[in-house]
Structure formats: C-alpha cells, structure tokens
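So you know, we letter chains A, B, ... as the sequences are listed, proteins then strands, and number each from 1.
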Amino acid sequence: MSVVADLESLAAQVPDGAMVAFPRDPCGAPMAFAKALVRRGARKLHYVGVPSFGMAGDMLIGAGCVATIEAAGGTLGEYGTAPRFAAALRAGTIALKDATCPAIHAALQAGQKGIPFIPLRGLIGSDLVKHRPDWKTIDNPFAAGKDPIVLLPALRPDVAVIHVALADRHGNAWIGRERELLTMAHAARRTLVTAEEIVDRDLLADETMAAGTLPALYVAGVARAERGAAPLGFLDRYAEDGAALADYARRARTADGFAAWLDENVLARRAAA
Amino acid sequence: MSVVADLESLAAQVPDGAMVAFPRDPCGAPMAFAKALVRRGARKLHYVGVPSFGMAGDMLIGAGCVATIEAAGGTLGEYGTAPRFAAALRAGTIALKDATCPAIHAALQAGQKGIPFIPLRGLIGSDLVKHRPDWKTIDNPFAAGKDPIVLLPALRPDVAVIHVALADRHGNAWIGRERELLTMAHAARRTLVTAEEIVDRDLLADETMAAGTLPALYVAGVARAERGAAPLGFLDRYAEDGAALADYARRARTADGFAAWLDENVLARRAAA
Amino acid sequence: MTETAIEELLIVTLARLIGRVRHVATGASSPIPGAAALLARHRAGPGMTVSVLGSRRHTFFTNGGVELFDCAGQGRLDVFFLGGGQIDGQGNVNLNATGGYPASEVRFPGAFGSAYLYFVVPRVFLFREEHSRRVFVPRVEFVSTPGVSPPEVERRGGPAALITGKCLFLFDRERRRFRLESLHPGVTLEEVRDLTGFDFDCPERVATTPAPDAETLTLLRGAVGRDIAEVYPRFAERVWRISPPKAA
Amino acid sequence: MTETAIEELLIVTLARLIGRVRHVATGASSPIPGAAALLARHRAGPGMTVSVLGSRRHTFFTNGGVELFDCAGQGRLDVFFLGGGQIDGQGNVNLNATGGYPASEVRFPGAFGSAYLYFVVPRVFLFREEHSRRVFVPRVEFVSTPGVSPPEVERRGGPAALITGKCLFLFDRERRRFRLESLHPGVTLEEVRDLTGFDFDCPERVATTPAPDAETLTLLRGAVGRDIAEVYPRFAERVWRISPPKAA
C-alpha cells in the first residue's frame with residue numbers, strides 16, 4: 001500500500017466543507033495542489049492560512065471553493081492586495097475569521113498537543129477580538145490581581161496541505177526548517193504532500209535528514225509536483241515568476257479577468273488531459 | 001567576542017540558587033558539565049529534569065548541589081533506582097516537585113512562547129496534583145458543561161544545559177531531532193552547550209544542518225567536552241559504559257560509598273588540574 | 001533453552017492482546033512491553049508503527065520527547081503500557097512512593113507519562129511480573145494515575161488488562177474491576193487469590209494462558225531479542241544471553 | 001542618482017532610531033524597515049541580530065514562522081515595525097479594513113503579527129510614506145492593534161515613533177500622544193498640520209531630519225540594496241535600479 005498518488009487523486013481526498021490548512025507563500029505554497037482543487041470543483045472549504053494567504057488562497061476564493069477564510073492576512077506581497085478576497089468581502093460571499101499570526105500558530109500548536117485551548121498575550125483592545133466570538137477573555141488564574149488574557153480554541157484542520165522539496169515513497173517529507181509545516185501536519189487529521197522530487201531512499205534513515213523530516217505516520221498521500229509552488233518562488237530551487245504574478249494581480253481585479261485567467265492557467269490543463 | 005569557553009568557566013556561569021534545566025539521559029546527558037558543577041561547589045540549584053533525570057541529577061543531589069528537584073521521574077534505568085535521590089527524600093534534604101512528562105514539556109513550551117500558563121488533559125485524580133499547589137484546576141471555559149482541566153504555569157529556567165554532537169564557533173549547536181533541547185533553550189534565559197566537537201564552519205549556512213540547529217542567539221557559552229555524556233551512551237557515537245554505571249549504582253547506595261566515588265571520579269580531576 | 005521463560009510468556013501474551021493496530025508505544029523501563037510491541041509488528045507486517053522509547057532504530061519521532069505525548073493527545077496512539085510499584089483493584093497505579101510522601105521509605109522511579117497517557121490512550125496494558133500482596137494492594141498509597149474517573153472528567157482511555165507472572169486479568173470499565181481471564185501454566189486460582197491484595201471477578205472456569213509455539217519462540221529469541229537489546233542490553237542478556245551491542 | 005530619495009531618508013532615519021540593539025525583526029511588506037535594520041547592523045557590527053521576514057539569508061530562525069513571535073514573547077526582540085492603512089493620534093493602527101467590516105469598501109492586507117507584537121516588543125516604529133488625512137485620522141475605523149492599554153493589561157511594548165514621508169514623530173507614552181520631532185528637508189509645520197488628521201504636540205522650534213551623508217548613501221545603494229533585493233526585488237529595482245536575483 002503506497003501513499004504515492006497523482007496530483008488529481010490527491011486533491012480528490014479533500015471533501016467539500018473540509019477545514020484545510022495551507023502554509024503562507026514563502027514556505028512553499030502548494031499552488032499546483034490548489035489548482036487541482038479548483039479543477040476538482042471543491043466547494044465550501046474552510047481555508048486556514050498558516051498564518052496568512054497569498055495567491056493560492058485568493059485563487060481558491062475567486063474560483064468559488066471557499067466558504068470561510070481564517071488567516072492573519074492576505075496579500076500578493078509586492079504585487080498588491082488579494083483582489084478576489086477583497087471582492088468576495090465586498091460581495092459578502094465568504095465568512096471571515098480575521099486573526100493575528102501568533103494566534104494561528106498557537107491555535108495549531110494547541111491542536112498538535114490535543115489541548116482544548118491556549119492563551120496568548122496581546123490582543124486585548126484589538127477589534128479582532130470583537131469579531132471572534134470563539135476567542136474568550138478570562139482573568140489569568142495565576143495572577144494576584146486583575147490580568148485579562150485571551151484564550152484561543154485549538155485548531156484541528158481536517159486536512160493540511162504542504163509542498164516540500166523532497167519526499168520518499170513511505171510518505172516521509174523533508175520540511176527543513178519550515179517547522180510550521182510539521183505543526184500543521186501534527187494538528188491536522190490528515191496531511192497531503194506535494195513534492196518537487198520523490199526519492200527512493202528512506203529520509204528517516206539518515207539522522208541529518210531526519211532532523212528536518214515530517215514522518216509518514218502523519219501523511220495520507222504524496223504526489224510529485226515539479227515546480228509545484230510556481231509562479232511563486234520555492235526556497236533556493238526557483239525564483240518567483242514576476243511576470244506571471246503581475247499578470248494574475250492585474251487580471252484578477254475583475255471577475256471577468258479572473259475567469260479568463262482561470263480558464264487559461266488552471267482549467268485548460270484539465271481539458272488537455 | 002567568542003562564546004567558546006572551557007568547561008570549568010562554563011560551569012562558573014551557573015549561579016547558586018539558579019533554576020537549571022537538564023535533558024533526560026538518552027538525549028545526551030551533560031555529564032561532564034554536571035561534574036564541573038560539582039567541582040565548582042554549586043549550591044541550592046532548582047534542577048529541572050526534562051522530563052526526567054538519571055545519573056547526572058542523582059550525582060548533583062548526592063554532592064549537595066540541589067535544593068529542589070522538579071521532574072517526572074528519576075532512575076538509573078537498567079541499573080536501578082536513583083540512590084542519592086531516594087536517600088535525600090528519606091532525609092528530607094531536598095524539596096520535591098513531582099510531575100508527569102508531558103507536564104514538563106508543556107510548561108517549557110509555555111515558557112518558550114512567553115505565555116503564563118498552558119492546559120493539559122489527564123492529571124485529574126492523580127495525587128501529583130495534590131502536591132503541586134502551583135498547578136490550578138479550572139473548568140474549561142470552552143465547554144458547555146463541567147469540564148475540569150489542569151493549568152500548568154510556564155517554566156522559564158535561568159539556565160538550560162545541553163550536550164550536542166556538534167557546535168560551531170558562533171555558538172550554533174546541532175541538536176538533530178532532539179527537539180526538546182531547542183524548546184529548553186528557547187524557554188531558558190540562557191543556554192550553555194557542551195559539544196563533542198566544535199567545528200569551524202557555520203552550521204546555519206547549510207540548509208540541511210540548519211534544520212536541526214539551535215541558533216547562537218540563545219546560546220551564552222559553548223565548551224568542548226569529548227565523551228561529554230559518558231559513562232552514559234551518546235547517540236551513535238559511543239555506547240554506555242555498563243561497568244561504570246553499575247559501579248556508580250552500587251557505591252552510591254551509601255553516603256560513604258558515594259563520597260568515595262565522587263572523590264575518585266569527579267573531584268580528583270580538580271586536584272590533578 | 002527450550003523451556004518458555006516467564007518473560008517470554010508475558011511478551012507473547014501482550015503481543016496477542018495488542019493485536020494489529022496503527023500505533024503502539026512503550027515508555028521508560030519497559031523491556032517486556034517493548035519486545036511485545038516489536039513481536040506484534042513482526043506479525044502484523046507493514047502499516048503498524050511501533051515506538052520504543054530510547055530506541056534510535058524503532059522510533060519515527062522527529063519532534064523530540066514531546067511527540068509521543070502529542071501523538072497520544074491527537075488520538076494517534078492506540079496502545080501503551082504501564083508498570084507499577086503498587087496497583088489496586090480499581091486500576092489505580094502508584095509509580096511514586098510508599099511509606100510517606102514526599103519523605104518516603106521507598107521511592108519508585110516516578111510517574112513519568114502515566115498521569116497523562118492513562119487518560120488519553122484507548123487501551124493501556126498494565127504489567128508487573130512480581131505477583132504479590134506487596135504490589136497488588138487493596139488501595140495504592142499514592143495515586144500516580146487513577147484507573148477510573150468521574151463522568152465529568154474527559155477521559156478516552158484507561159486500563160484494558162493487567163498481566164503478571166501468574167495470570168492475566170482484563171479490566172471491566174463498567175464494573176471498575178478486574179476479571180481473571182487466564183492463569184499461566186501451572187498456576188492455581190487459589191495461589192492467585194492468596195497473592196492478590198484486591199478483589200477481582202472470576203469466571204466459573206478459568207482458562208490457561210496459551211504457551212508460545214516454537215515459531216514464535218524462535219522469532220523472539222532471534223530478531224525480536226536482538227532488536228530490544230539496543231535499548232535493554234541487560235534484559236536481553238539475562239533472558240536470551242544476547243550480547244550487548246558494541247560501542248561505535 | 002545623487003539626490004536623496006524619500007525612501008532613503010526614511011531608511012536612514014529609522015536606522016538611526018534603531019541604534020545598536022540585540023535583535024531587530026521586520027514583518028511582511030516592509031522593505032523600508034528591512035533596509036533600515038540591515039543598515040543599522042552594518043554600522044553596529046557583530047553581536048546585533050537582524051531577522052528579515054521572507055529572507056533566507058537574513059534570518060537565524062530554525063523553528064518556523066512561530067519563532068519570531070516566541071522570541072518576542074521571551075523578551076528576545078527589541079525592535080519591530082508596523083505600517084498601517086490608518087493610524088491615529090493614540091497610536092492605534094488599522095491594518096484590516098475601512099468602510100464597514102467584515103463587508104468592507106477597502107480591505108487592507110490584515111493584522112498579521114501586529115495585534116501581538118505591538119504589546120510585547122519594547123520599541124515599535126510605525127512607518128507610512130504617504131502622509132495624508134486619509135492615513136493619519138482622528139480615530140481609526142478598525143483597531144487592528146491599540147497604541148495604548150489600560151493599566152490592568154500586561155503590556156511591555158508599544159509605539160516609539162512614527163516616520164512618514166514628511167516628518168518624524170516620537171510617541172509620548174505618558175501623554176498617549178505623538179510629539180513632532182523633526183520635519184524632513186523642505187517640509188513646513190503648516191504642511192504637516194494640514195495633512196495630519198490627528199492632534200499632536202509640537203516643540204517651539206522643530207528640527208530638520210538630518211539627510212544621509214555620502215558614505216551612508218553609498219552603503220545603502222550598494223550592500224544594503226543588494227541584500228534587501230533578495231526579499232523585495234521590485235522595491236530595490238524601483239529605488240536603486242538593482243536587478244532582481246536570477247532564478248536558480
């Protein structure tokens with residue numbers, strides 16, 4: 001029983017309505033996977049950006065795959081705001097769970113530990129708290145006087161999706177120092193991995209590689225996706241494709257422009273297949 | 001300004017009365033460092049075993065360095081109980097903060113995050129809780145009905161001491177997959193490192209090594225200690241010295257036997273120096 | 001060595017109880033459970049994960065010592081084992097001390113992960129070779145971790161069985177009591193009653209714990225023995241005369 | 001290119017404010033703070049750590065994205081920077097939206113780490129090149145993170161200064177207000193009053209923000225520019241015509 005699959009069947013493992021955690025862009029956006037999700041016509045996803053989102057999230061929102069977005073922010077970086085996200089907010093077609101980066105990280109760490117909640121400093125007086133009825137402010141039970149502190153409920157995504165440089169045939173995935181990928185995978189019920197390369201050796205057999213490896217126990221499926229983060233850059237492997245990102249940022253400003261972009265860059269691949 | 005120092009001056013950086021965190025034996029006991037602490041005559045330490053202790057902790061207790069011991073357990077493994085620990089308990093000469101492994105880990109993670117406390121499941125009904133007035137049981141604020149849960153205050157040791165295979169001259173230390181060493185170092189105010197080898201290259205310069213490296217920002221001092229975990233074994237580098245461990249276990253059963261062992265194995269080195 | 005050693009009977013019985021699951025882990029000072037888990041995996045084949053604490057070969061953990069507990073908290077650990085300085089009829093376990101606390105006449109190693117894992121791992125097997133009234137008491141002096149909890153306490157795990165040098169008990173969570181399942185070859189019910197300080201349920205006819213077959217013994221004395229010797233060299237040497245691994 | 005660009009003036013001024021500290025970090029979309037931190041380190045020499053979010057060369061983090069926040073929580077981060085879609089006279093920052101919430105006319109990128117770091121990092125520098133009544137408002141529409149907190153709220157950090165395309169304000173934590181520190185060359189007090197939607201304190205004589213010397217400009221346009229181009233290629237190209245790095 002191998003965990004290695006092709007990209008489209010990996011995307012088929014994400015049910016409609018699932019809570020799906022994606023890493024922020026510089027950690028390796030699973031862009032190829034996100035496109036496969038669009039092709040499979042995923043619906044009503046609860047997208048968790050760890051801790052934020054970029055082009056992958058914006059595209060999934062534009063393609064109608066997302067019911068709820070939970071993140072500390074969304075941006076195309078130097079290419080401007082996330083246009084389909086902004087449009088969906090204006091239109092009121094998605095639910096918004098705005099957060100702050102350390103809250104997303106801490107809530108996932110709580111999920112990883114199987115604890116029901118975790119406290120976080122800061123936050124008090126921020127309007128974020130007003131709009132997050134799932135966060136609770138209590139008085140720190142260890143303080144002598146009044147000491148309000150926010151408690152965050154644990155996040156346990158149904159699926160975590162990550163893109164890595166290397167995976168092996170057992171399902172071990174080398175994440176290097178992008179440790180939030182490990183936290184996501186521990187916190188999630190199942191993890192789907194796309195990899196630039198799938199190698200024959202066992203990544204856990206070598207102590208140096210093992211130090212940066214997510215073990216197969218957490219991994220439900222692995223698919224090869226060469227240049228799987230493009231047009232974003234990926235580690236030292238490839239730089240971002242600035243022209244492609246600018247093209248997306250420009251065309252996604254309108255619904256029609258986005259639809260045409262999607263046809264050309266995502267759906268065409270299904271037609272060709 | 002180099003962080004590289006010799007072992008005795010590293011041990012001099014631990015003030016009397018400090019809370020000092022040591023890893024459990026199989027993670028690389030900083031045994032050479034513990035012996036240097038005995039030689040420097042450290043007193044009133046609050047020893048935190050992460051999450052337990054073995055020969056190093058037992059020896060420090062026997063040598064009169066420890067006022068409080070906080071750990072999930074103490075044992076010489078196959079060589080029996082920790083004899084000086086048991087004797088000190090009988091004599092009432094040390095304070096005891098008995099814990100359970102995940103409580104030590106979680107409290108250090110809270111220290112690492114700078115949060116004042118962290119919840120943990122289990123524990124309720126254990127007599128451990130009765131003897132830990134610093135732990136507080138509350139009702140989970142996220143539960144509809146009654147749902148008691150224990151909150152642990154964060155642990156922020158004054159000093160963490162770790163032993164690693166490799167460190168570099170900047171103070172970066174390769175911890176491999178022994179991630180609790182990283183958590184200890186993040187949670188502690190300062191970290192002292194002993195290393196089997198000190199290398200000239202920068203451990204953070206290579207992404208593969210960086211994945212398993214504690215950055216120098218957390219490290220106050222590094223000393224070379226070849227066979228620094230002996231007579232315990234260390235990773236794949238050397239096996240335990242069973243005869244030496246059995247000798248300790250046998251002689252440490254009595255105060256006199258221990259004193260003679262200490263003279264021969266620890267203090268003699270100072271006299272010779 | 002053709003006779004079955006008591007350690008072997010315990011290992012084989014525990015392996016049978018484990019059956020085929022996703023993930024079994026063992027804690028500190030647990031050579032018999034460790035060998036049982038490795039034997040169970042030998043039989044189950046791929047897809048079953050065994051994590052032996054202290055082993056570098058039999059562990060997939062890459063997040064340090066906390067990962068075992070996190071795994072359990074996530075619901076990714078199916079079976080764990082606990083020994084005990086004292087164990088009582090409600091499944092309470094004392095791993096800390098007897099004769100006063102904290103100034104104790106006898107100090108045991110400590111609670112280690114028990115006060116957490118006993119609550120969250122679905123099936124926990126208790127093991128203790130010494131079967132005596134010193135160990136199996138009416139009520140433990142110190143509850144390192146309780147066998148049962150009131151309904152308001154979140155608990156998805158607890159004792160499943162207790163194996164000793166004399167017999168096997170299963171734990172009945174409804175009745176909050178042990179029930180004798182089988183006596184080891186040559187042991188009588190009367191002997192067990194004499195040596196047990198707590199009350200337990202007993203069927204009319206008590207079975208005998210099955211002895212291992214020759215094939216299993218060969219496996220145990222070969223591959224499994226060599227595997228467990230990595231972490232427990234003295235145990236492997238004592239039971240199977242397997243030499244400790246050489247220093248690198 | 002011999003004239004000082006406004007971006008250069010901002011970078012140099014921020015670098016001066018940073019001074020020599022143990023550890024400065026920058027967040028998302030922060031090319032000017034990133035360049036300022038790198039410039040400050042060039043001057044401070046070894047012993048000063050700079051973490052530029054998104055950089056693989058200028059980061060020592062090995063525990064993922066959470067390490068920046070953990071570091072701040074431990075007290076190991078001395079200086080951070082925040083921009084803002086709106087900023088008011090109490091140092092409140094809006095990074096989320098204007099014109100309604102959650103259905104907003106204008107959506108900004110989001111709070112990112114602000115709602116935490118503003119509380120725990122001792123000195124936070126606010127920066128926004130656009131100096132207008134659209135940005136500097138009497139009261140932000142959405143408080144992503146507040147400038148000041150009531151005494152019962154644990155807070156060891158907050159706003160230290162605000163730098164804009166026109167001037168530099170310092171924040172007075174006692175008075176909970178900004179105080180004009182210096183006007184950039186060629187800018188008048190009247191102009192700043194006209195363009196600022198909030199009240200601020202003003203000394204009798206306002207200094208002029210010092211322009212960078214030639215040596216600093218050379219450093220900025222050379223080593224610092226090339227360094228920041230790793231993360232902000234378009235910024236470096238626009239300001240200094242530094243070509244983006246080649247794909248591997």
Side-chain angles (χ1 to χ4, degrees), chain B residues 23-24 26-27 50-52 71-75 77-79 81-82 85-86 89-92 95-96 98-103 105-106 108-109 120-129 131 140 143 145-149 175 177-183 233 235-242, chain C residues 27-29 31 53-54 56 61-70 72-73 92 94-97 99-120 140-146 148-150 152-155 231-235 244-248:
Chain B
R24 68 195 160 104
C27 281
V50 182
S52 57
T75 163
E78 288 205 297
Y79 302 89
T81 55
F85 168 57
L89 283 183
R90 270 194 306 274
L96 177 62
D98 250 327
T100 184
C101 301
H105 288 302
L108 282 170
Q109 289 177 308
L120 189 70
R121 288 289 184 196
L123 283 170
I124 293 168
S126 163
D127 286 340
L128 291 173
V129 180
H131 294 274
N140 174 8
K146 217 170 137 60
D147 179 18
I149 188 165
I175 55 151
R177 43 170 150 169
E178 312 298 344
R179 295 299 288 197
E180 60 256 62
L181 303 185
L182 189 111
T183 302
L235 308 179
D236 300 324
R237 295 205 161 217
Y238 42 91
E240 65 176 28
D241 179 345
Chain C
S29 309
L53 187 68
R56 295 185 70 75
F61 293 137
T62 61
N63 201 34
V66 76
E67 190 170 357
L68 168 68
F69 305 104
D70 287 354
N92 297 310
N94 178 2
L95 288 153
N96 286 79
Y101 185 92
S104 316
E105 275 166 50
V106 179
R107 171 72 197 190
F108 303 135
F112 284 89
S114 65
Y116 176 74
L117 294 173
Y118 212 27
F119 290 77
V120 298
V140 297
E141 286 181 56
F142 185 100
V143 180
S144 299
T145 187
V148 293
S149 299
E152 73 269 19
V153 173
E154 187 181 284
R155 178 157 198 167
V231 185
Y232 299 104
R234 280 158 65 106
F235 176 83
K246 293 278 175 298

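Interface remark: C/N96 contributes side-chain atoms only to the contact with chain B (heavy atom separation under 4.5 Å). Residue B/A71 does not touch chain C at all, counting heavy-atom pairs closer than 4.5 Å. With a threshold of 4.5 angstrom between heavy atoms, C/S114 approaches chain B through N, CA, C or O but not through any side-chain atom. Looking at B/L108, neither its backbone nor its side chain comes within 4.5 Å of chain C, counting heavy atoms on both sides. No part of C/R155 comes within reach of chain B, as not one of its non-hydrogen atoms sits under 4.5 angstrom from that chain. At a 4.5 Å heavy-atom cutoff, the contact between C/L53 and chain B is made by side-chain atoms alone.
Residues C/F61 and B/R179 fail the side-chain proximity criterion, which asks for heavy atoms closer than 4.5 Å. Proximity of B/C101 to C/Y116: side-chain heavy atoms (C-beta onward) are nowhere separated by under 4.5 Å. Between C/E154 and B/D147, some side-chain heavy-atom pair lies under the 4.5 Å cut-off. Side-chain atoms of B/R121 and C/F119, non-hydrogen and from C-beta on, never get closer than 4.5 Å to each other.
Across B/A99 and C/A111, no two heavy atoms sit closer than the pair O-CB, 3.9 Å. Closest non-hydrogen pair, C/G64 versus B/E180, comes out as CA-OE1, 3.0 Å. For the residue pair C/E152 and B/P148, the shortest heavy atom distance occurs at O-CD, 3.4 Å. Of all heavy-atom pairs between C/F142 and B/L128, the closest is CZ-N, 3.8 Å. Heavy atoms only, all atoms of each residue included: B/E78 and C/V231 are closest at OE1-O, 4.5 Å. When all heavy atoms of C/G113 and B/P102 are compared, the closest pair comes out as CA-CD, 4.0 Å.
Counting heavy-atom pairs under 4.5 Å between each of B/D241, B/L235, B/L120, B/I175 and chain C puts B/L235 at the top. Top candidate by heavy-atom pairs under 4.5 Å with chain C, chosen from B/S52, B/G92, B/A86, is B/S52. Counting heavy-atom pairs closer than 4.5 Å to chain B, the top residue among C/A103, C/G65, C/G110 is C/G65. Put simply, of B/T75, B/I149, B/L123, B/N140, the one with the most heavy-atom pairs under 4.5 Å next to chain C is B/L123. Each of B/K146, B/H131, B/R24 has some count of heavy-atom pairs under 4.5 Å with chain C, and the biggest count is that of B/H131. Heavy-atom pairs under 4.5 Å with chain B were tallied for C/V153, C/N63, C/T145; the largest tally goes to C/N63.
The residue from B/L89, B/L96, B/D127 that alone fulfils the side-chain contact (heavy atoms from CB on, under 4.5 Å) condition with C/Y101 is B/L96.
One distance of note links CG of C/L95 with OG1 of B/T100; it measures 9.5 Å at 0.5 Å rounding. Interatomic distance, B/D98 CG to C/R107 CZ, rounded to the nearest 0.5 Å: 4.0 Å.
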